[in-house]
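Notes for the one structure printed next.
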Amino acid sequence: MKKSRLDFLKIIIGLAVIVLISSKVLSLNLNEILEKSKSDPEFAWNMYLIYISQLSNEQSQYINSDEIDKVGKKIYAKRKLVQYKFALEEDIEGLIDFLKTNAITEKTKYLLLDIFGEESISNYLLKNLKNNIDSLYLLKIIHIPDKNQFSKSLVELLEQKVLSKKFFETVLPSLPQQIKDELLNMIIEEITNFVKNKDITNEEKISLANVYKDILKYYPSYKNSFIERRLKLNKNILVSIWEFLIKFSFSTLSNIRILITILLLVALLISFSLRIIRYRIFLLLGLKKLAALSYKKIVEKDPLNEEKRLKLAQLYESAGMFDEALNEYNFLKRIKFE
């Protein structure tokens with residue numbers, strides 16, 4: 001008897017709760033139900049079900065059914081991810097932190113998209129990419145948005161050495177392989193288009209060259225001879241030295257720094273004027289043809305020195321100057337016969 005009374009009491013309380021919710025829902029709109037889902041998605045789900053059940057045929061003609069479905073999917077997804085505060089509160093920065101440290105299933109991916117919306121996430125990524133490299137983790141759940149704008153922003157971000165290192169060592173390896181390949185191809189294409197369609201300054205060359213070198217450091221298979229030719233990568237070291245000296249001298253009005261800079265510049269010019277040093281610098285930078293031509297000047301001072309002639313022939317051969325190399329070998333033969 002007591003049990004039946006208890007069951008009856010539960011039914012009465014349940015009906016009272018439904019009536020209470022119903023009366024409240026009738027005075028609410030979808031936005032208010034969504035707001036409730038940020039703190040109690042289960043209660044918001046009950047409100048939502050009652051809300052749609054209370055819609056008359058006449059009312060439904062003036063309401064966007066797609067919007068109603070969207071709200072339903074969002075609240076349903078929150079119920080499934082109720083343990084994550086960032087999901088309930090629709091905190092996109094919290095979402096980024098979650099994606100940084102977690103691999104996600106396809107089911108979780110679609111639940112997150114139902115909550116945050118792919119368009120909203122894409123807009124956030126495009127707006128914040130330059131200032132927040134971690135926003136790239138959003139690519140775990142969305143496709144690359146607006147590729148023209150995105151690729152330009154990404155290359156600008158990678159021109160900052162610290163961010164470039166984080167991108168290649170931490171962010172990129174954590175992304176799906178398809179996204180990773182798309183990003184690398186996109187960066188190569190953006191650099192190619194930049195150097196192809198625009199006259200670029202030495203400073204821009206150095207920035208793009210550094211991005212390209214970082215790609216080759218981590219992904220050597222993305223070698224691109226066109227980019228190498230246009231950026232003349234081997235010469236960037238000399239350009240960097242020159243720019244360093246200029247910036248060093250004008251970064252302060254200190255007479256001591258200016259004097260040191262002038263002395264360094266003079267020492268560099270004097271050293272570079274010596275043929276043997278110039279030859280070694282070119283060889284160090286991998287400029288084999290210029291190294292061979294510089295060494296030729298040294299040989300001309302001692303034309304019968306067989307050791308120097310042999311070295312010059314080998315330099316010509318290494319630089320692909322085969323006719324010149326053959327002439328040197330023939331010259332060595334004549335010296336021996338004489």
Side-chain angles (χ1 to χ4, degrees), residues 30-31 33-49 51-52 64-129 132-151 153-154 157-158 166-189 215 218-219 221-222:
L30 288 176
N31 289 332
I33 296 174
L34 277 175
E35 189 62 30
K36 183 63 180 177
S37 72
K38 293 181 179 180
S39 57
D40 189 346
E42 198 64 41
F43 188 79
W45 178 249
N46 290 328
M47 294 171 68
Y48 171 77
L49 293 178
Y51 176 86
I52 58 177
N64 187 333
S65 59
D66 290 338
E67 185 65 24
I68 294 177
D69 290 342
K70 184 178 177 181
V71 170
K73 287 180 179 179
K74 179 178 287 192
I75 299 175
Y76 176 83
K78 288 186 178 185
R79 292 173 68 218
K80 293 297 181 180
L81 301 177
V82 67
Q83 70 272 34
Y84 300 114
K85 185 178 179 181
F86 75 87
L88 298 186
E89 297 180 352
E90 301 175 36
D91 175 14
I92 199 163
E93 292 183 3
L95 170 62
I96 293 171
D97 289 337
F98 173 78
L99 295 174
K100 282 170 64 174
T101 55
N102 291 276
I104 60 170
T105 63
E106 281 294 300
K107 182 178 180 180
T108 303
K109 170 183 171 180
Y110 289 114
L111 289 173
L112 289 171
L113 287 174
D114 282 340
I115 293 173
F116 291 92
E118 183 164 2
E119 183 178 354
S120 177
I121 296 174
S122 297
N123 290 337
Y124 179 93
L125 176 57
L126 289 173
K127 183 179 179 181
N128 293 277
L129 177 58
N132 182 12
I133 190 172
D134 287 345
S135 62
L136 284 169
Y137 287 106
L138 293 170
L139 293 176
K140 284 187 174 183
I141 61 174
I142 63 169
H143 300 292
I144 296 174
D146 192 344
K147 293 189 176 181
N148 288 333
Q149 181 184 344
F150 181 85
S151 60
S153 298
L154 180 58
L157 180 147
L158 296 179
K166 181 175 182 180
F167 172 79
F168 285 108
E169 292 186 356
T170 307
V171 179
L172 195 59
S174 74
L175 297 178
Q177 187 61 46
Q178 182 181 351
I179 293 292
K180 185 188 300 184
D181 292 336
E182 281 189 59
L183 288 176
L184 289 169
N185 287 320
M186 182 181 294
I187 296 167
I188 289 290
E189 184 179 353
I215 293 175
Y218 298 97
Y219 301 93
S221 61
Y222 281 83

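Note that the coordinates shown come from a computational prediction; the quantities given were computed from them, not determined experimentally.
- With sequence neighbours excluded, no residue satisfies side-chain hydrogen bond (donor to acceptor under 3.5 Å, both in side chains) with E89.
- Put simply, the side chain of S135 does not reach to within 4.5 Å of the side chain of K127, judged on heavy atoms.
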Next item on the list: Quick one: do F168 and Y219 satisfy side-chain contact (heavy atoms from CB on, under 4.5 Å)? Show the steps, please.
Entry: CA-CA 9 Å; F168 285 108; Y219 301 93; 4.0 Å; yes
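- Heavy-atom minimum distance, L88 versus P41: CD2-CG, 3.8 Å.
- Residue pairs satisfying the salt bridge (charged side-chain N to carboxylate O under 4.0 Å, His left out) criterion with at least one member in residues 171-184, sequence neighbours excluded, are listed as follows: K147-E182.
- No side-chain heavy atom of I188 sits less than 4.5 Å from a side-chain heavy atom of L184.
- Counting only residues at least two apart or in different chains, salt bridge (charged side-chain N to carboxylate O under 4.0 Å, His left out) contacts with residues 75-84 comprise E42-R79, K78-E90.
- To the nearest 0.5 angstrom, S37 atom OG is 11.0 Å from L30 atom CG.
- Legend: residues meeting ring pair (Phe, Tyr, Trp, His ring centres under 6.0 Å) with Y222, ordered by chain and number and at least two apart, are absent.
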Give the table of side-chain donor-acceptor pairs shorter than 3.5 Å for residues 102-126, with sequence neighbours excluded, one pair per line with atom names and distance.
residue: N102; atom: ND2; partner: F98; partner atom: O; Å: 2.8
residue: T105; atom: OG1; partner: T108; partner atom: N; Å: 3.2
residue: T105; atom: OG1; partner: T108; partner atom: OG1; Å: 3.0
residue: S122; atom: OG; partner: E118; partner atom: O; Å: 2.9
residue: N123; atom: ND2; partner: E119; partner atom: O; Å: 3.3

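- By the salt bridge (charged side-chain N to carboxylate O under 4.0 Å, His left out) test, K166 is found to be paired with D134, residues two or more places apart in sequence or in another chain being considered.
- Applying the salt bridge (charged side-chain N to carboxylate O under 4.0 Å, His left out) rule to E93 yields no partners; only residues at least two apart in sequence or on another chain are considered.
- Side-chain contact check for N132 versus Y137: every heavy-atom pair is 4.5 Å or farther apart.
- When the salt bridge (charged side-chain N to carboxylate O under 4.0 Å, His left out) test is applied to K73, no partner is found at least two apart in sequence or on another chain.
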Check: How far apart are the C-alpha atoms of I68 and Y48, what are their side-chain angles, what is the distance that settles it, and do they pass the side-chain contact (heavy atoms from CB on, under 4.5 Å) test?
Finding: CA-CA 9 Å; I68 294 177; Y48 171 77; 3.5 Å; yes
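- Between D40 atom CG and M47 atom CE the span is 9.5 Å, to the nearest 0.5 Å.
- Taking CD1 of I215 as the start and CD1 of I187 as the end, the distance is 5.0 Å to the nearest 0.5 Å.
- Separating the CG atom in L95 from the NZ atom in K140 is a distance of 10.5 Å, to the nearest 0.5 Å.
- L183 meets the side chain to side chain contact (heavy atoms under 4.5 Å, CB included) test with L139, I144, F150, L154, F167, L172, L175, I179; sequence neighbours excluded.
- Separating the CD1 atom in I133 from the CG atom in L157 is a distance of 4.5 Å, to the nearest 0.5 Å.
- A distance of 5.0 Å separates CD1 in I75 from CG in L34, rounded to the nearest 0.5 Å.
- Remark: S151 engages E190 in a side-chain hydrogen bond (donor to acceptor under 3.5 Å, both in side chains) (not counting sequence neighbours).
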